[in-house]
Amino acid sequence: MKVKDIKHPKLKKWVEEAVGLMAPDSVEVCDGSKGEYDKMMKIMVNAGLATSLNPKKLPGCVLFRSDPSDVARVENRTYISSEKQSDAGPTNNWIDPKELKQTMNGLYKNCMKGRTMYVIPFSMGPVGSDIAKIGVEITDSPYVVANMHIMTRVGKKVLGVLGKDGFFVPCYHSIGKPLEQNESDRGKWPCAPLEKKYISHFPETREIWSYGSGYGGNALLGKKCLALRIASVLARDEGWLAEHMLILKITNPEGKVKYITGAFPSQCGKTNLAMLVPKLPGWKVETVGDDIAWMKFGKDGRLYAINPEAGFFGVAPGTNMESNPNAMLSISKNTIYTNVALTQERDVWWEQIGYDAPGPLVDWTGQNWVQDKNNKEQKPAAHPNSRFTCPAKQCPVIAKEWEDPKGVPISAFLFGGRRPKTIPLVNQAKSWVHGVFMGSIVGSEVTAAALDVKAGTIRRDPFAMLPFCGYHMGDYFKHWLDIGKKSDESKLPKIFFVNWFRKNDAGKFIWPGYGDNSRVLAWIFDRCDGADNFVETPIGNLPKPESIVRPDSVSAEDLKGILAVDIEGWKKEIADVRQNHYPQFGDKLPQELYAELDAIEKRLNA
Ligand code: GTP
Ligand code: SPV
Ligand code: MN
């Protein structure tokens with residue numbers, strides 16, 4: 001399709017302006033067809049950017065290697081550019097919108113020379129459903145086009161819903177690497193240097209401007225930029241929730257169904273929990289979503305969640321047939337792999353894939369790599385944030401209702417992170433406000449999902465939304481409290497804090513995690529039905545030890561340890577929140593949360 005075929009005058013004008021500014025060689029409007037996807041792949045194979053994988057092992061799969069400066073989200077180049085700095089809050093980077101647009105217009109000028117501009121109309125959520133939101137992304141990256149085909153619903157049907165005057169979120173994207181005459185990419189992932197990358201959001205005008213990166217959440221603008229940063233602002237204004245949460249369906253041995261969502265920071269186990277194969281006999285888990293949940297109130301006063309995405313952009317390392325067989329099966333065809341290692345048979349390999357490297361590999365940087373298990377210092381063959389992009393419908397346990405525009409009614413919210421000490425395996429909030437308090441203090445050991453935060457240290461990541469909230473986090477806490485105030489609390493989801501990542505003194509995980517997490521889900525399921533399976537403690541409701549079915553690999557003593565209240569550890573936790581975490585939000589920190597902090601401290605000291 002061509003620009004002249006666009007029937008929406010405002011969209012057409014916006015595209016024409018972008019063409020004038022960015023000066024591409026040609027412009028194409030994406031139709032979302034299989035032919036278009038195949039064409040993108042062909043272009044990238046020809047440019048040396050993509051390697052077709054072995055069709056006998058991985059039909060329809062390709063591998064990309066990105067630039068070392070472009071392997072993850074860049075949080076210190078990500079901006080919430082609201083009119084007032086105080087609306088972005090202390091945890092977001094801010095530049096005055098006029099100034100930022102001026103800078104970025106400078107970068108965008110002629111930035112698509114030598115390239116094709118693709119105009120991608122996309123829907124977050126099932127096309128045409130009331131809850132869906134439409135965006136249009138302009139990009140010069142065929143990689144982005146192909147990934148958007150998988151992660152969102154793209155094409156003509158979206159333009160159909162937009163009609164002549166429908167609302168869309170305009171999203172500019174350029175990799176920031178124009179080509180000179182006769183220049184081509186020749187196998188080098190095109191992007192701009194780090195200091196020229198900008199991932200910008202203009203919440204008042206609902207605009208997204210991204211420049212310089214082609215990777216993941218920086219470039220697939222429907223995901224973190226629209227479905228979280230812009231959507232969180234819409235959700236605040238309209239009284240709903242846009243969250244960094246997985247959505248799962250769980251069925252107990254009696255056939256009773258519940259839906260649970262969970263917010264864990266990046267690389268802390270959402271995809272794995274969403275696709276879990278229960279170790280507990282008779283239980284079943286199915287997937288509705290693995291990264292983002294939009295939740296609105298139904299007429300019955302309950303919260304209903306939809307997954308706005310259509311695919312998974314999941315972490316490769318650690319994924320194997322034991323830890324997550326459903327992910328392994330989902331990515332066995334029609335999958336885009338980025339920054340994993342390549343075998344001689346043109347198969348993929350990564351750390352903890354479940355078997356040793358089958359001979360010499362090409363690592364994610366394109367170098368030869370021979371596994372040396374005696375060398376603890378050996379650099380990984382796959383980048384720690386290497387990922388797969390695959391259609392959600394390929395998941396063997398995708399729930400039949402995953403695209404239901406009504407959404408699914410949520411019974412429980414989980415919060416969690418990687419906490420080697422103190423935080424117990426599972427802990428139920430005593431009330432909605434206590435649950436909001438728990439969400440507000442989520443902390444985790446930092447992972448490789450962002451380029452510029454030091455992996456290994458613990459940072460607070462409230463509600464797993466620190467990098468994804470499009471406004472002041474203090475106002476965000478208030479929004480959660482307001483949801484509680486205007487609802488019948490008995491109909492709201494029950495709130496739980498979970499931690500699969502406790503370590504012993506030897507630094508080993510105590511809890512086996514993955515499929516064994518079903519033991520905790522079963523306890524939560526029964527708790528939602530009011531089972532007498534808990535003890536009240538100063539920090540919340542913890543399981544009676546015998547109410548969690550113990551895996552063989554965990555001793556009774558170890559289980560008791562991760563279900564106990566570490567009084568001294570919690571006192572330190574509370575002191576850290578009081579001294580370092582809450583004060584940064586100033587007078588925007590709701591008093592109710594300080595009151596919760598005081599109450600817990602008092603109970604710990606009693
Ligand atoms: P994003 O896509 O970055 O938002 O991440 P995510 O929250 O979906 O994380 P994911 O499920 O991809 O897990 C990230 C890493 O944590 C992988 O390397 C997993 O193998 C590991 N992991 C997931 N669940 C568990 C668990 O229960 N225990 C342990 N020890 N590791 C886990
Ligand atoms: C995350 O970092 O939480 C992700 C990956 O889900 S990205 O889409 O790159 O943000
Ligand atoms: Mn995520």
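Just follow the structure's listing: the first ligand is 1, and inside any ligand the first atom is 1.
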- Query: Does a salt bridge link Lys223 with Glu309, judged by any charged N lying under 4.0 Å from a carboxylate O?
  - Reply: yes
- Message: For Glu322, is there an ion pair with Lys279 - N to carboxylate O distance below 4.0 angstrom?
- Response: yes
- Nearest-option assignment for atom 14 (C) of ligand 1, heavy atoms, candidates Lys508, His244, Met275, Gln267: Gln267
- Is there at least one pair of N or O atoms, one from Arg418 and one from ligand 1, spaced under 3.5 Å apart? yes
- Item | Side-chain donor or acceptor of Glu351 paired with backbone N/O of Ala381 under 3.5 Å | yes
- Among all protein heavy atoms, pick out the one at the shortest distance from atom 3 (O) of ligand 2; state its residue, atom name and that distance to 0.1 Å. Ser266 OG, 2.5 Å
- Query: How about the Mn ion (ligand 3), which protein N, O or S atoms come within less than 2.8 Å?
  - Reply: Lys224 NZ, His244 NE2, Asp291 OD1
- Item | Heteroatom proximity flag, Gly216 to ligand 2, N/O under 3.5 Å | no
- Note on the structure: At under 4.0 Å between heavy atoms, what of Asn324 touches ligand 1? The answer is neither
- Query: Is Phe501 touching ligand 1 with its side chain, its backbone, both, or neither, if touching means heavy atoms under 4.0 Å apart?
  - Reply: side chain
- Message: Quick check: Gly269 and ligand 1, any N/O pair under 3.5 Å apart?
- Response: yes
- Message: Regarding ligand 1, does Asp291 bring an N or O atom to under 3.5 Å of one of the ligand's N or O atoms?
- Response: yes
- Task: For atom 6 (O) of ligand 2, find the nearest protein heavy atom and state the residue, atom name and distance (0.1 Å precision).
- Result: Lys224 NZ, 3.0 Å
- Quick one: which of Phe509, Trp350, Trp500, Tyr514 has a heavy atom closest to atom 31 (N) of ligand 1? Tyr514
- Item | atom 7 (S) of ligand 2: nearest protein contact (heavy atom, Å) | Gly217 N, 3.5 Å
